[in-house]
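Here's the structure we're looking at; comments come further down.
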Amino acid sequence: MSDDSKRRHSSKVVDGVSKSAGRAMLRAVGFSDEDFKKPQVGIASTWSMVTPCNMHIDKLAVESGIGTDAAGGKSVIFNTITISDGIANGTEGMKYSLVSREVIADSVETVAACEGFDGIVAIGGCDKNMPGLIMGMARLDRPSVFVYGGTILPGEGHTDIVSVFEAIGAHAKGDKSLIEVKQIEETAIPGPGSCGGMYTANTMASAIEALGMSLPGSSAQNAVSDTKLADCRAAGAAVMELLELDIKPSDIMTRKAFENAITVVITLGGSTNAVLHLLAMANTIGVELSLEDFVTIGKRVPVLADLRPSGHYMMSELVAIGGIQPMMKMLLDAGLLHGDCMTVTGKTLGENLSGVAPYPADQEIIQSLETPLKKDSHLRILYGNLSPTGAVAKITGKEGTHFTGTARVFQSEEEAQQRIMDGTVVAGDVVVIRYEGPKGGPGMREMLSPTSAIMGRGLGNDVALITDGRFSGGSHGFVVGHVTPEAAEGGPIALLQDGDSITIDAEANSISVALTEEEMAKRRAAWQPPATKYPRGVLAKYAKTVNSASLGAVTDALD
């Protein structure tokens, strides 16, 4: 392919006398005469001091630029936003978390399309910026590579951010002193990198690698490591190869590739947020994907990884034994992955995995297919008179597979958190947190604070929680989120009252309330939609445009 054909976008911005003014501005940021003849690659950095997940990504972006430039391109680093779920959880600020995914996708599309970049390298390191970056690259459909910023190392005593949240609940119960909570607070987050379990960031990094949009190994590297620096440089070079081969996200993000991503998420025991994000990413690239695909794939794919939050190990410990590549090779050999899917290496997934060595014989993190932790998926898609269009649960089996209890209904996360902490919530309760959906929140907050409080108070086996909001990847216990239709749209969850009997069955994949149709109709007739909390601003725009969580909660879905 000629340089001109690889410069199909940038040439319109910098070629010819009529573009002299644009070249003048680019000279000020470091362009030379030779640079104007090269393909331009935008390096989308999510660097920010907002969160340790992204505090090192400025340096990673520079490394990707070096890789691009050495391969004959011209790199241009630009930034997009990120937020911190770990900081915002339990506050009004958390309403902006899922919203930020759409803002990030919008900003990547906006900058790259405006500036005429021929290719994209995007570096993400926290829950929402990762799918947001993929969605932005999908909209552009120009040769692109995603780079994961890497996982954090464990804190003192094998702690992490979830250890802090659960210590708060333990203090409320009287099991930890203020001094003990502060000691965990001071040592649980030792430096840069994404949260250390198989929470949403590590889940999405693994899903994106399985999807073929990052280089092999990118999902399982420590944030501060020579391997991560090398990964960034290699990604910068890889995008130039993709330009040469004219391989775009639409060539990689196929239906089969999404099935591979779902398979890997299940095998790792990954976050429920993966359901939301994979649906959104598929929608953006134009691939048909639904909740039912998680059901179908989940019947044949086991959980193999003993990783937090439900398991014992952290991502850094999986990194030490080889990451997810040996597991993917095992899945491929068993016929559970599609090996013919194209990837950002310019080779198929099968070709990438052909020389991968197995895990060390003495490792205990990834179980064999013959002795799985769970024979089928932990991600359960539940239907019933409480969720006619689907809800998402993460049931590993350790919590049991069936729960019947009495509804204790709350209109917000804060109200529920207060009543969990003060002992109002007791064994046998089903905590109902509503008006936290995409439209009702708005923003579909994560319920890490209340689920951690339940665990910290020792109620993990005795209390269930359902919500039209969602969960952090760090949440565990008998929890059901993404209940649709959501309360703000008059879904059945809006009609629940204290004392209603709710049954959750993770084997029959059902969620129901013991009410007659006549009683439901009576309550529905009396229901009034809540007043709009946010008449203007980004939350107002989001609430007006976002679709159902069962469809990915996207703001630009085609009719």
Handout entry: Close side-chain approach of Val265 to Thr267, heavy-atom, < 4.5 Å
Key = no

Practice task
Take Thr254 and Val287 through the side-chain contact (heavy atoms from CB on, under 4.5 Å) test and state the conclusion after the steps.
Solution key: CA-CA 7 Å; Thr254 62; Val287 168; 5.5 Å; no

Exercise for the section: Considering only NZ, NE, NH1 and NH2 on the basic side and carboxylate oxygens on the acidic side, decide whether Asp376 and Arg300 come within less than 4.0 Å. Expected result: no

Exercise for the section: Could you tell me whether Arg523 and Glu519 make a salt bridge, using a distance below 4.0 angstrom between a side-chain N and a carboxylate O? Expected result: yes

Exercise for the section: For Ala201 and Ser194, work out which heavy atoms get closest and say how close. Expected result: CB-CB, 3.6 Å

Problem - Closest non-hydrogen atom pair, Ser512 against Asn385 - result: CA-OD1, 3.0 Å

Problem - Any Tyr199 side-chain heavy atom under 4.5 Å of Pro309 side chain - result: yes

Problem - Shortest non-hydrogen separation from Ser206 to Met315 and the atoms involved - result: OG-CE, 4.1 Å

Exercise for the section: Go through the steps to decide whether Glu209 and Tyr148 satisfy the test side-chain hydrogen bond (donor to acceptor under 3.5 Å, both in side chains), and finish with yes or no. Expected result: CA-CA 9 Å; Glu209 181 175 331; Tyr148 181 40; over 6 Å; no

Completion exercise
One should read off an interatomic distance between Met455 CE and Ile420 CD1, to the nearest 0.5 angstrom, of 12.0 Å

Completion exercise
d(Thr203 OG1, Ile266 CD1) to nearest 0.5 Å is 12.0 Å

Exercise for the section: Answer yes or no: is there a side-chain heavy-atom contact under 4.5 Å between Thr503 and Phe403? Expected result: no

Handout entry: Test log, rule side-chain contact (heavy atoms from CB on, under 4.5 Å), inputs Phe258 and Asp293
Key = CA-CA 10 Å; Phe258 277 99; Asp293 293 309; over 6 Å; no

Problem - Results of ring pair (Phe, Tyr, Trp, His ring centres under 6.0 Å) for Phe294 - residues two or more places apart only - result: none

Problem - Minimum-distance pair of heavy atoms, taken over all atoms of Ala487 and Asp468 - result: N-OD2, 2.9 Å

Problem - Listed partners of Ser271 passing side-chain hydrogen bond (donor to acceptor under 3.5 Å, both in side chains), at least two apart - result: Thr200

Practice task
State, yes or no, whether a side-chain contact exists between Leu496 and Ile493 at a heavy-atom distance under 4.5 Å.
Solution key: yes

Handout entry: Verdict with supporting geometry, Asn54 and Thr46, side-chain hydrogen bond (donor to acceptor under 3.5 Å, both in side chains)
Key = CA-CA 6 Å; Asn54 294 68; Thr46 56; 2.7 Å; yes

Practice task
In plain terms, say whether Arg419 and Glu415 are close enough for a salt bridge, that is, a side-chain N and a carboxylate O under 4.0 Å apart.
Solution key: no

Handout entry: salt bridge (Lys or Arg N to Asp or Glu O under 4.0 Å) between Glu166 and Lys176, worked out
Key = CA-CA 10 Å; Glu166 293 187 358; Lys176 287 192 185 297; over 6 Å; no

Practice task
With rounding to the nearest 0.5 Å, note down the distance linking OG1 in Thr263 to CG in Leu336.
Solution key: 6.5 Å

Practice task
Let me know which of Thr451, Asn273, Leu98 forms a side chain to side chain contact (heavy atoms under 4.5 Å, CB included) with Glu446.
Solution key: Asn273

Handout entry: Donor-acceptor contact below 3.5 Å, side chain Thr187 vs main chain Gln183
Key = yes

Practice task
Please step through side-chain hydrogen bond (donor to acceptor under 3.5 Å, both in side chains) for the pair Glu259 and His338, ending with a clear verdict.
Solution key: CA-CA 8 Å; Glu259 290 180 359; His338 303 290; 2.6 Å; yes

Exercise for the section: Please step through side-chain contact (heavy atoms from CB on, under 4.5 Å) for the pair Arg408 and Val430, ending with a clear verdict. Expected result: CA-CA 6 Å; Arg408 196 176 290 274; Val430 178; over 6 Å; no

Exercise for the section: To the nearest 0.5 Å, tell me how far Leu289 CG sits from Leu279 CG. Expected result: 5.5 Å

Problem - Non-neighbouring partners of Thr555 that pass side chain to side chain contact (heavy atoms under 4.5 Å, CB included), sequence neighbours left out - result: Glu102, Tyr542, Thr545, Val546

Problem - From Asp306 atom CG to Leu268 atom CG, the distance as rounded to the nearest 0.5 Å - result: 12.0 Å

Problem - Least distance between heavy atoms, Gly469 atom then Met447 atom - result: CA-CE, 4.5 Å

Completion exercise
Rounded to the nearest 0.5 Å, the OG atom of Ser218 sits from the CD1 atom of Ile208 at a distance of 9.0 Å

Exercise for the section: Quick one: list whatever passes side chain to side chain contact (heavy atoms under 4.5 Å, CB included) with Asn283, sequence neighbours left out. Expected result: Val554, Ala557

Problem - Presence of salt bridge, Asp127 and Arg101, under 4.0 angstrom - result: no

Exercise for the section: Taking ring pair (Phe, Tyr, Trp, His ring centres under 6.0 Å) as the test, write out the residues that go with Tyr96, two or more places apart. Expected result: none

Practice task
Find out whether Arg434 and Ile466 are in side-chain contact, i.e. whether some heavy atom of one side chain is under 4.5 Å from a heavy atom of the other.
Solution key: no

Problem - Side-chain heavy-atom pair Met421, Ile168 within 4.5 angstrom cut-off - result: yes

Practice task
Give a yes or no answer on whether the side chain of Ser163 reaches the backbone of Asp160 with a donor-acceptor pair at less than 3.5 Å.
Solution key: yes

Practice task
State whether the side chain of Arg380 and the backbone N or O of Ala506 hold a donor-acceptor pair below 3.5 Å, judged by distance alone.
Solution key: yes

Practice task
Taking all heavy atoms of Ser97 and all of Asp85, pick out the closest pair and write down the distance.
Solution key: OG-OD1, 2.6 Å

Handout entry: Pair Arg457 + Asp175, salt bridge at N-O below 4.0 Å
Key = no

Exercise for the section: Under the side-chain hydrogen bond (donor to acceptor under 3.5 Å, both in side chains) rule, collect the residues that match up with His378, sequence neighbours excluded. Expected result: none

Handout entry: Charged N-O contact under 4.0 Å between Glu92 and Lys533
Key = no

Practice task
Return yes if some donor-acceptor pair links the side-chain N/O of Asp333 with the main-chain N/O of Met330 below 3.5 Å, else return no.
Solution key: no

Completion exercise
In His312, His158, Gln363, the residue satisfying side chain to side chain donor-acceptor pair (under 3.5 Å) with Glu317 is His158

Problem - Non-hydrogen side-chain atoms of Cys195 and Ile152 separated by less than 4.5 Å - result: no

Exercise for the section: Give a yes or no answer on whether the side chain of Asp462 reaches the backbone of Leu459 with a donor-acceptor pair at less than 3.5 Å. Expected result: no

Practice task
Dump the intermediate steps for side-chain contact (heavy atoms from CB on, under 4.5 Å) on Leu304 and Leu373, then the final yes or no.
Solution key: CA-CA 5 Å; Leu304 301 180; Leu373 294 172; over 6 Å; no

Handout entry: Validation row: Pro485, Pro492 side chains within 4.5 angstrom (heavy atoms)
Key = yes

Practice task
Assess whether atom NZ of Lys256 is packed by more than 12 heavy atoms of other residues, nucleotides or ligands within 6.0 Å.
Solution key: no

